[in-house]
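All heavy atoms count here, side chains included; hydrogens, waters and symmetry mates do not. All figures in this text were calculated on a predicted structure; none of them were measured in a lab.
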Amino acid sequence: MADHRTAGVDLEDLRALIAEELELPVEEVTDEAHLKDDLDVDSLTAMEVAVQIEKKYRIKIDEEEIPDLTSLTTIHRLVTAKVGAT
């Protein structure tokens, strides 16, 4: 099994945070599920997810980065880069 810990950002913790914010079962937030197309996330909800991620990981996600948060994989990549840069 792959190690999901990268620079202090656990993929499963991130998955759980997103699922909770979207009020979805964790298993629906797959690595490649597209937030907008597959999980019906609108721009306001995406902003709310970003705020929760910022709080948990003590990072800043710029408003123009939010449209790039399309799946758990892309979110994990961004958060990992930002956590590693702090």
Side-chain angles (χ1 to χ4, degrees):
M1 186 166 155
D3 183 11
H4 292 299
R5 260 191 200 283
T6 310
V9 181
D10 184 80
L11 186 66
E12 297 309 316
D13 287 346
L14 190 56
R15 184 187 322 272
L17 181 146
I18 293 168
E20 182 177 332
E21 190 62 32
L22 299 180
E23 298 179 358
L24 291 171
V26 172
E27 54 274 3
E28 283 191 35
V29 183
T30 64
D31 292 1
E32 297 303 324
H34 193 278
L35 269 60
K36 182 179 178 186
D37 297 339
D38 299 328
L39 303 177
D40 297 322
V41 174
D42 61 20
S43 57
L44 178 60
T45 306
M47 179 73 81
E48 292 168 352
V49 169
V51 167
Q52 292 307 313
I53 291 169
E54 288 177 329
K55 286 180 183 177
K56 179 174 176 82
Y57 295 101
R58 295 186 175 108
I59 59 172
K60 176 70 177 127
I61 299 174
D62 296 323
E63 199 170 319
E64 53 273 0
E65 291 176 305
I66 292 174
D68 297 333
L69 305 179
T70 56
S71 68
L72 179 62
T73 301
T74 60
I75 294 169
H76 185 255
R77 195 174 305 129
L78 176 76
V79 173
T80 298
K82 288 185 176 282
V83 167
T86 59

Smallest separation among heavy atoms of [X] and [Y], with atom names:
| X | Y | value |
| --- | --- | --- |
| V26 | A16 | CG2-CA, 4.3 Å |
| L69 | L35 | O-CD2, 3.8 Å |
| A46 | V41 | N-CG1, 3.6 Å |

- Message: Checking K55 now: which residues fulfil salt bridge (charged side-chain N to carboxylate O under 4.0 Å, His left out) with it, not counting sequence neighbours?
- Response: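 Result, salt bridge (charged side-chain N to carboxylate O under 4.0 Å, His left out) vs K55: none returned.
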Quick check for you: to the nearest 0.5 Å, what is the distance between [X] atom [atom1] and [Y] atom [atom2]?
| X | Y | atom1 | atom2 | answer |
| --- | --- | --- | --- | --- |
| I61 | D68 | CD1 | CG | 11.0 Å |
| D38 | T30 | CG | OG1 | 7.0 Å |
| E32 | T74 | CD | OG1 | 8.0 Å |
| T45 | D40 | OG1 | CG | 9.5 Å |
| L72 | I18 | CG | CD1 | 5.0 Å |
| E63 | S43 | CD | OG | 10.0 Å |

Do [X] and [Y] come close enough that some side-chain heavy atom pair is under 4.5 Å?
| X | Y | value |
| --- | --- | --- |
| V51 | E54 | yes |
| T70 | K36 | no |
| R15 | L11 | yes |
| L14 | I53 | yes |

- Message: Test your reading of the model: is there a side-chain donor-acceptor pair from E28 to the backbone of P25, 3.5 Å cut-off?
- Response: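 Checking the backbone N and O of P25 against the side chain of E28, no donor-acceptor pair under 3.5 Å is found.
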- Item | Expected output: side-chain D10 to main-chain E12 donor-acceptor under 3.5 Å |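 Between the backbone of E12 and the side chain of D10 there is a qualifying donor-acceptor contact (under 3.5 Å).
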- Message: Atom CD of residue position E48 - does it have more than 12 heavy atoms of other residues, nucleotides or ligands inside 6.0 Å?
- Response: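 More than 12 heavy atoms, drawn from other residues, nucleotides or ligands, come within 6.0 Å of this atom.
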- Message: Salt bridge check, K56 against E21: does any charged N sit closer than 4.0 Å to a carboxylate O?
- Response: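 No, E21 and K56 are not salt-bridged.
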